[in-house]
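Below you'll find the structure, written out as structure tokens, and then a few comments.
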Amino acid sequence: MEDNKSKSKSFVLGAAILGVAGLITKLLGAAFRIPLTNIIGASGMGYYQTAYPIYVLLLTISTSGIPTAISRMVAERRAQNQYYEAHRVFKVSFKLMLALGLITGVGVFILAPWICRLQLEPDAVYSLRAISLALILCPVMSCFRGFFQGRRNMTPTALSQVAEQFFRVGLGLGMAYLLLKVGKPQAAAGAAFGASAGAIFGLLAVVIIYFKKKNEIEAEFGNNLVAIQSEKQLLKEILLIAVPITLGAYPLFKISKI
């Protein structure tokens, strides 16, 4: 009974921490747009707005469902004392997210000129390429977050979110200001690179926490190091949970109501 109460308190505290982190990130995000518009003007915002919706769409596709699947699968296996198997879920999903990140990030970087010409904003190519690194790092970062949430530890996610948004806003505005003397397209790219900078520091925060806790995580395995499911089976289960969530996570995929 005491153990259940302790877990319940831990979950409530974790949810509260995550809620506070969410509020901080929203406030920082809200504080980003007004000074950015003042720095780069309407034309600069046009370049930035050409790149950012593409980034959001691709990021939603690659990160909306899989972290939820990771969290659920890790929690289920830990509830059954399958700690080694829970960690295998994380390792399999890490490979998947890294692959998705590389495909989307490298793909966007290479295809950026064509995408921008298609949108009649060829000078937005700088912004789209500046944001492509975030498309590689954010899926990996969300994998770590999903793993910790499955362990009922919300603090790493909260710290990662705050670090990501803080550096996205701070470095994005700073680089936009510094690059304004070069040109509006380059200044917009500086603002867009804020997302990549935020991803670097957000990932760094959660990776540091993971390695600090690695001994604790591995100690839970004990002598039970036998794989219950193959990597292929784990991957299939991840996708079966993640795909429906992803399809409903972005308005593009939703069936419009008449």
Side-chain angles (χ1 to χ4, degrees), residues 25 28-29 31-64 66 94-144 160-161 163-207 246 249-250 252:
T25 57
L28 286 171
F32 179 66
R33 188 164 295 272
I34 294 174
L36 179 61
T37 303
N38 291 335
I39 292 170
I40 64 177
S43 60
M45 286 300 292
Y47 304 132
Y48 179 83
Q49 290 288 12
T50 299
Y52 199 75
I54 296 170
Y55 159 75
V56 171
L57 172 61
L58 293 175
L59 199 61
T60 300
I61 293 171
S62 61
T63 66
S64 59
I66 295 176
F94 178 87
K95 295 175 186 176
L96 173 62
M97 296 301 257
L98 180 59
L100 285 174
L102 286 170
I103 290 168
T104 54
V106 174
V108 164
F109 188 89
I110 294 172
L111 296 174
W114 178 80
I115 294 171
C116 293
R117 283 197 300 270
L118 192 65
Q119 297 192 80
L120 305 180
E121 283 284 10
D123 285 340
V125 65
Y126 304 108
S127 295
L128 196 53
R129 282 183 164 169
I131 218 166
S132 61
L133 179 60
L135 290 170
I136 298 174
L137 300 180
C138 284
V140 177
M141 178 170 57
S142 69
C143 177
F144 280 94
S160 175
Q161 285 179 345
E164 179 187 6
Q165 190 75 324
F166 178 80
F167 285 100
R168 182 180 86 86
V169 173
L171 292 180
L173 291 175
M175 293 184 69
Y177 178 78
L178 291 173
L179 290 171
L180 187 60
K181 63 184 74 174
V182 181
K184 289 288 181 72
Q186 290 77 11
F193 186 76
S196 294
I200 292 170
F201 286 97
L203 177 59
L204 185 62
V206 78
V207 167
T246 301
Y250 199 78
L252 179 66

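- The aromatic rings of Phe94 and Phe144 lie perpendicular to each other, with more than 60° between the two planes, well past the 30° mark.
- When every heavy atom of Gly190 is checked against every heavy atom of Leu179, the shortest pair comes out as CA-CD1, 3.8 Å.
- The distance from the CD1 atom of Ile54 to the CG atom of Leu57 is 8.5 Å, given to the nearest 0.5 Å.
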Contacts under 3.5 angstrom, residues 117-137 side chains, donor-acceptor by atom type, not counting sequence neighbours:
| unit_1 | atom_1 | unit_2 | atom_2 | d |
| --- | --- | --- | --- | --- |
| Ser127 | OG | Ala189 | N | 3.3 |
| Arg129 | NE | Phe109 | O | 2.9 |
| Arg129 | NH2 | Phe109 | O | 3.4 |
| Ser132 | OG | Arg129 | O | 2.7 |

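- Between Tyr52 and Tyr48, the two ring planes are parallel [angle under 30°; tilted spans 30° to 60°].
- Scanning all heavy atoms of the two residues, the minimum distance from Met97 to Cys143 falls at CG-CB, 3.9 Å.
- For the side chain to side chain donor-acceptor pair (under 3.5 Å) condition, the pairs that include at least one residue of residues 163-182, sequence neighbours left out, are Arg145-Glu164, Gln165-Arg168.
- If you take CZ on Phe167 and CG on Leu171, they are separated by 6.5 Å, rounding to the nearest 0.5 Å.
- Listed here is the closest heavy atom pair of Thr63 and Pro139: CG2-CA, 3.6 Å.
- Between atom OG1 of residue Thr50 and atom CE of residue Met45 there is a gap of 10.5 Å, rounded to the nearest 0.5 Å.
- Interatomic distance, Ser142 OG to Leu59 CG, rounded to the nearest 0.5 Å: 7.5 Å.
- To the nearest 0.5 Å, the span separating OG1 on Thr104 from CD1 on Ile61 amounts to 9.0 Å.
- Among residues two or more places apart in sequence or in another chain, the ring pair (Phe, Tyr, Trp, His ring centres under 6.0 Å) test is passed with Tyr47 by none.
- From Leu173, atom CG reaches atom CG of Leu36 across 6.0 Å, with rounding to the nearest 0.5 Å.
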